[in-house]
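Before any comments, here is the structure.
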Amino acid sequence: MSLPLLKNFPAIVNLVSPKSCQSSFVRQMHTTRLSSEKRETNPSAESKNPDDDSAKQVRVFVRKKRATKTVQAIVEATKPEILDQKPCSLPEIEDFAYGKQSSFSCSKVQPPANWEKVIEGIRKMRSSEAAPVDSMGCEKAGVSLPPKERRFAVLISSLLSSQTKDQVTHGAIQRLLQNDLLSAEAINKADEGAIKELIHPVGFYSRKASNMKKVAKICLDKYDGDIPSSLEELLELPGIGPKMAHLVMNVGWNNVQGICVDTHVHRICNRLGWVSRQGTKQRTSTPEQTRESLQLWLPKEEWVPINPLLVGFGQTVCTPLRPRCGICKISDYCPSAFKETPSPSSTPKKKRAFIE
DNA sequence: GTCCCGGGGA
DNA sequence: TCCCCAGGAC
């Protein structure tokens, strides 16, 4: 049998050396290939057809499901393509193999209707009304610093910025900088109480001061004072979850591994009907599910801009409670428009985000 | 699910 | 006055 996609499989593996690769998915592919090559030199090897062999490798790989939690989605997204023998484009696979891209686009997932008009409409609304997200962000952290220090500043800024106004985060970063407390060495040596005072009134400052000490020690011990350069390693840091890990990869390393999904992106994508739980039409229940679902169809060039776009839109128009559908220019395209409970007093028991 | 912490809106 | 909000840990 002839399998168009599987011809590319050895190419992927050849592009990537397991040492340099951050993804255990690709490392596993590599291992699978090596063990199959050994079998090929063995006279008792059952197959001489390279396509058959590739097919077997991929099937074995998919069946093993050795992927870590962060690449689980890739396996799931890739599986129907491989097993149905549908070709992917080679550039996309190469991007994946090099780690520039964390999934293939799956040809079975059709983008939602009118998504480009929706994005364009939101851009227009956003340009006419300033939103808090526009003022400051962690991407501004330490712009004047050398690369390693800048990356560390980005990491700390992300750590501090959750549940905190950007101005407050920025102030805390400035105070840390003025006190020479924005490097792994300095924070590792510093007194936790002093850090606590400096970062106050950042939200959850007490927990964050403790996390900063732990993160600084890990960065010093394992990364020579730099920050981890892969998603998996960033996620091991205390206080860094999926949202911040993607942000740090984008801003710190300029390496887009995935969409940075926060509560605004999560809420708005569901209101628009842009995402769904795998194999269903139900809305997603966590930002992680939203990220995986959105990445299946949203073109890569939108992965970074989608976050500030929807966060600003969510702060000013598509608010969690009482979204302002009356002034929203894309309500014609929104299946949830005007379906929100009109006032909280009419349904005092539970908040209903929207009606299906 | 609950907690963390404080700002801010109803 | 109450209670909602936000990202992560557990």
Side-chain angles (χ1 to χ4, degrees), chain A residues 69-70 131-139 141 154-173 175 192-193 195-218 227-228 231-252 257-271 284-292 294 307-308 310-324 340-354:
Chain A
K69 79 171 179 185
T70 49
V133 72
D134 294 329
S135 56
M136 259 169 281
C138 88
E139 69 275 8
V154 167
L155 179 67
I156 295 300
S157 179
S158 304
L159 198 69
L160 297 183
S161 69
S162 63
Q163 304 93 262
T164 304
K165 291 264 181 291
D166 284 332
Q167 287 89 335
V168 176
T169 309
H170 189 249
I173 290 288
R175 287 191 296 280
E192 190 172 315
I195 297 174
K196 209 187 277 190
E197 277 178 39
L198 279 173
I199 64 175
H200 191 272
V202 158
F204 313 138
Y205 58 89
S206 185
R207 174 161 307 197
K208 283 174 183 174
S210 147
N211 283 341
M212 273 174 69
K213 290 284 291 179
K214 290 176 192 157
V215 164
K217 179 147 180 51
I218 294 170
I227 70 171
L231 217 82
E232 287 84 352
E233 291 168 311
L234 283 168
L235 287 168
E236 287 168 9
L237 303 176
I240 299 291
K243 195 232 159 184
M244 293 310 173
H246 281 101
L247 188 69
V248 172
M249 284 306 286
N250 293 355
V251 178
Q257 290 281 309
I259 300 169
C260 184
V261 175
D262 59 22
T263 180
H264 296 286
V265 176
H266 176 57
R267 176 182 72 252
I268 294 166
C269 286
N270 275 293
R271 280 182 177 163
T284 59
S285 53
T286 65
E288 269 300 89
Q289 285 176 6
T290 299
R291 185 181 61 75
E292 288 166 5
L294 195 57
N307 178 273
L310 294 192
V311 172
F313 179 56
Q315 287 169 335
T316 56
V317 180
C318 199
T319 47
L321 245 44
R322 288 173 292 280
R324 300 159 72 189
E340 185 95 7
T341 54
S343 86
S345 55
S346 64
T347 51
K349 282 308 285 179
K350 274 205 163 151
K351 67 169 178 184
R352 263 187 300 162
F354 69 97

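Reckoned from all heavy atoms, side chains included, excluding hydrogens, waters and symmetry mates. Every chain is numbered from 1 and lettered A, B, ... according to where its sequence line falls, protein lines coming before strand lines.
- A:D262 comes within contact range of the sugar-phosphate backbone alone, with a heavy-atom separation under 4.0 Å but no base atom that close.
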Requested in this report: Decide yes or no on side-chain contact (heavy atoms from CB on, under 4.5 Å) for A:E232 and A:L235, but give the supporting numbers first.
Outcome: CA-CA 5 Å; A:E232 287 84 352; A:L235 287 168; 5.7 Å; no
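- Note on A:P287: nothing from the nucleic acid sits closer than 4.0 angstrom, heavy atoms only.
- The side chain of A:Y205 has B:dC5 as its nearest neighbour among B:dC5, C:dA6, C:dG7.
- Between C:dT1 and B:dC4, the distance separating the two C1' atoms is 22 Å to the nearest Å.
- Rounded to an integer number of Å, the gap from CZ of A:R207 to P of B:dT2 is 15 Å.
- Only the C1' atoms considered, B:dG8 is 22 Å distant from C:dG8, to the nearest whole Å.
- The distance between atom CG of A:N211 and atom C1' of C:dG7, rounded to the nearest whole Å, is 11 Å.
- For A:L321 and B:dA10, the CG to C1' distance is 10 Å, given to the nearest whole Å.
- C:dC10 and B:dG6 have their C1' atoms separated by 22 Å, with the value rounded to a whole Å.
- Side chains of A:T284 and A:T290: a donor-acceptor N/O pair is present below 3.5 angstrom, by distance only.
- Note: CG (A:L235) to P (C:dC10) measures 14 Å, nearest angstrom.
- Considering CD of A:E233 and CE of A:M249, their distance stands at 9.5 Å, rounded to 0.5 Å.
- Atom P of nucleotide B:dC5 and atom CG of A:L160 are separated by 14 Å, given to the nearest angstrom.
- On the P atoms, C:dA9 is 24 Å away from B:dG7, given to the nearest whole Å.
- Side-chain atoms of A:N211 do not come within 3.5 Å of backbone N or O of A:K214 as any donor-acceptor pair.
- Side chain of A:K208 to main chain of A:L160: a donor-acceptor pair is present (N/O by atom type, distance under 3.5 Å, no hydrogens or angles).
- OP1 or OP2 of C:dA6 lies within a sub-4.0 Å distance of a side-chain N or O belonging to A:T263.
- Among the heavy atoms of the strands lying under 4.0 Å from A:S206 are primed sugar atoms or P, OP1, OP2 only; no base atom is included.
- Atom-to-atom, CG of A:L247 to P of C:dA6 comes out at 16 Å; the value is rounded to the nearest Å.
- Within 4.0 Å of A:H200, counting heavy atoms only, lie sugar-phosphate atoms of the nucleic acid but no base atom.
- Looking at heavy-atom distances under 4.0 Å, A:L237 makes contact with sugar-phosphate atoms alone, never a base.
- A:L155 places its CG atom 17 Å from the P atom of C:dG7, with the value rounded to the nearest Å.
- The aromatic ring of A:F204 is stacked on the base of B:dC4, with the two ring centres less than 5.5 Å apart and the planes inclined by under 30°.
- Distance A:K208 NZ to C:dA9 C1': 13 Å, rounded to the nearest Å.
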